[in-house]
There are 2 protein chains.
Amino acid sequence: MPWEKQFDIDETLEKAGETFWAHGYEATSMSRLLKAMGIQKGSFYNAFGSKHEVYLRTLDQYAQQRLGELRELTRGKAAVAALRAHFDALYEDCISPQGHRGCMLLNCALETAHQDRQAQALVKKGLANHEKILHDLILEGQKTGEIDRNLDAGATAKTMMALVMGMRVYSRSGSDPQAVRTLADQAIRLVTPTDART
Amino acid sequence: MPWEKQFDIDETLEKAGETFWAHGYEATSMSRLLKAMGIQKGSFYNAFGSKHEVYLRTLDQYAQQRLGELRELTRGKAAVAALRAHFDALYEDCISPQGHRGCMLLNCALETAHQDRQAQALVKKGLANHEKILHDLILEGQKTGEIDRNLDAGATAKTMMALVMGMRVYSRSGSDPQAVRTLADQAIRLVTPTDART
DNA sequence: TCCGGTTTGTACCGATCGGTCAATACTCAT
DNA sequence: ATGAGTATTGACCGATCGGTACAAACCGGA
């Protein structure tokens, strides 16, 4: 093996991902992308093939990372506590300085996915994974009796997904953090007995 | 007045709006835009000034139209019936052949708004208008007793907005119509007494 | 030390980007 | 009929688009 790469593939993909995340696909030009990645054109095309290919890889990488973080966050917690942790973390992320980037999967869903089948597949899978985690948590909570067994777990999980999306949209469009907080609270109320509410 | 325009401004803006709506801002090139509008470059710049200006105008036009349709749809109906009509219409729109275009305001919110203050202002105003209509309907329902008076009207309106966003995202990312239907149903359940549910 | 194979930097590609402009087509008031 | 003044046209602009080609730089093995 005559010569090893002068840059770390994953690290470089990470930088690319952040750029796509912040600016979207179309608004990220090659020059901007290369500057962010810190490599030259030749290296880029040699290592990755095309802008679009890199986009898909960063999208996939993003989905995997978020999925991992979510699993980590909820591991070992009781259902409602796990959901609470999830929505609290999401709220913090939304109001943080980088919160304006929103969720890369959602950005992609609305900007790119409808005319890019491969991106659409990644988005669908990412959303489905997220929804399944929420669904499983609700089912588990119902099994232990934490959560009302009459609740439609599937529909509630979808509603929670909608609330997640709402939080992302409100925060990305520059709304009052209070609006985002309200949605997070509403998500928890969905799985909290009515008589326990303040 | 020496010569009148050979094309109808509003009609042409309409066509431009549909193109931006379907493809987003960045992915809509001038050539594509001009072809859709059916005019030449010179006429375009003479009449409108710039691509960006046209984008803002179509965005505003879209928001006004949707607001009008929404007011029309709910006029004279009782609160819950009005909400039902709203979410039913939204569902139909989502699963219709053009449903993949989603909501132009949301598309803009995630693609453009975070780096375009003027677009962001339009999005914020559009979302606020929509939310206010839902909010007012809920308040009215509570006044007449249709809707539980203990419900937090503001939070519920925001939740409904999130459900709207969820419906748009799910449908634009190519999901099963059933997912969209579920979210619409959940919206109505928010303002329906628990014991009246099936 | 030189060779084989790989990576890297950069010049360059045609296409297209959003936008300008001068010439032309046109209508109306005089 | 003519001149004022606007609308339209299409050639043209420099910049930038994503992508390619290729020579120089580099390394490990012989």
Side-chain angles (χ1 to χ4, degrees), chain A residues 1-60 107-108 111-113 115-119, chain B residues 1-60 107-108 111-113 115-119:
Chain A
M1 292 302 113
W3 195 18
E4 286 170 16
K5 278 210 158 44
Q6 296 300 291
F7 58 92
D8 184 280
I9 292 274
D10 286 336
E11 200 173 298
T12 312
L13 269 180
E14 190 81 29
K15 303 276 191 179
E18 282 169 18
T19 309
F20 281 130
W21 189 358
H23 304 291
Y25 181 73
E26 296 285 352
T28 298
S29 66
M30 279 303 298
S31 64
R32 174 183 247 165
L33 190 57
L34 292 173
K35 192 183 291 179
M37 297 171 85
I39 61 175
Q40 303 294 335
K41 238 171 195 189
S43 307
F44 179 92
Y45 282 99
N46 176 52
F48 302 111
S50 77
K51 179 188 176 187
H52 184 247
E53 211 163 311
V54 169
Y55 182 63
L56 294 179
R57 286 182 67 168
T58 61
L59 198 57
D60 190 50
N107 299 350
C108 175
E111 186 204 340
T112 314
Q115 46 197 356
D116 179 343
R117 301 214 157 193
Q118 303 173 83
Chain B
M1 291 300 114
W3 194 16
E4 287 170 14
K5 280 209 158 47
Q6 297 300 292
F7 58 91
D8 184 279
I9 293 274
D10 286 336
E11 202 174 297
T12 312
L13 270 180
E14 190 81 28
K15 303 276 190 177
E18 282 168 19
T19 309
F20 280 130
W21 189 359
H23 304 292
Y25 181 72
E26 295 285 351
T28 298
S29 67
M30 280 304 297
S31 63
R32 175 183 247 165
L33 190 57
L34 292 172
K35 192 183 290 178
M37 297 171 84
I39 62 176
Q40 303 293 335
K41 230 165 204 196
S43 306
F44 178 92
Y45 282 98
N46 177 51
F48 302 110
S50 75
K51 178 189 177 188
H52 184 248
E53 213 163 310
V54 169
Y55 182 63
L56 293 179
R57 285 181 69 168
T58 61
L59 198 56
D60 191 50
N107 300 350
C108 175
E111 186 204 339
T112 313
Q115 46 197 356
D116 179 343
R117 302 215 157 190
Q118 301 173 83

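Numbers restart at 1 for each chain; the letters A, B, ... are given by sequence-line order, proteins then strands. Only heavy atoms go into these numbers, but all of them, side chains included; no hydrogens, no water, no symmetry mates.
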When you compare the protein's N or O atoms with those of nucleotides 13-15 of chain D, which come within less than 3.5 Å of each other, and at what distance?
none

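Around atom NZ of B/Lys15, no more than 12 heavy atoms belonging to other residues, nucleotides or ligands sit under 6.0 Å away.
Under a 3.5 Å cut-off, the side chain of B/Glu111 and the backbone N or O of A/Glu26 do not form any donor-acceptor pair.
Atom OG1 of residue A/Thr12 and atom CG of residue A/Asp8 lie 6.0 Å apart, to the nearest 0.5 angstrom. Here the straight-line distance linking atom CD of B/Glu14 with atom OG1 of B/Thr19 works out to 10.5 Å at 0.5 Å rounding.
Residues from residues 24-36 of chain B lying near DNA chain C, meaning a heavy-atom separation below 4.0 Å, are B/Thr28, B/Ser29, B/Met30, B/Ser31 in numerical order.
Direction change of the helix axis from one end of the helix from C/dT1-D/dA30 to C/dT30-D/dA1 to the other is 20°, with five pairs defining each end axis (rounded to 10°).
Listed by chain and residue number, A/Phe20, A/Tyr55 satisfy the ring pair (Phe, Tyr, Trp, His ring centres under 6.0 Å) test with A/Tyr25 (two or more places apart in sequence, or in another chain). In terms of the side chain to side chain contact (heavy atoms under 4.5 Å, CB included) criterion, residue partners of A/Gln115 (sequence neighbours excluded) are, by chain and number, B/His23, B/Ala27.
A straight line from CZ of A/Phe48 to P of C/dT8 spans 10 Å, rounded to a whole angstrom. One can place CD of B/Gln40 at 17 Å from P of C/dT24, the figure rounded to the nearest angstrom. Atom-to-atom, CG of B/Asp8 to C1' of D/dA7 comes out at 15 Å; the value is rounded to the nearest Å. Rounded to an integer number of Å, the gap from NZ of A/Lys51 to P of C/dT16 is 16 Å. Protein atom CD of B/Glu53 is 16 Å distant from nucleotide atom P of C/dG18, rounded to whole Å. C/dA11 atom P lies 17 Å from atom OH of A/Tyr45, rounded to whole Å. Rounded to whole Å, atom C1' of C/dG18 lies 14 Å from atom CD1 of B/Ile39.
The phosphate of D/dG18 has neither OP1 nor OP2 within less than 4.0 Å of any side-chain N or O from A/Ser50.
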| task | Just do the side-chain contact (heavy atoms from CB on, under 4.5 Å) check on B/Leu13 and B/Phe48 with the steps written out, would you? | result | CA-CA 10 Å; B/Leu13 270 180; B/Phe48 302 110; 4.0 Å; yes
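Annotation for A/Ser50 and A/Glu53: closest pair OG-N, 3.1 Å, computed over non-hydrogen atoms. The two residues B/Val54 and B/Ala16 come nearest to each other via the heavy atoms CG1-CB, 3.9 Å.
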N/O donor-acceptor pairs under 3.5 Å from side chains in residues 33-42 of chain B, not counting sequence neighbours:
none

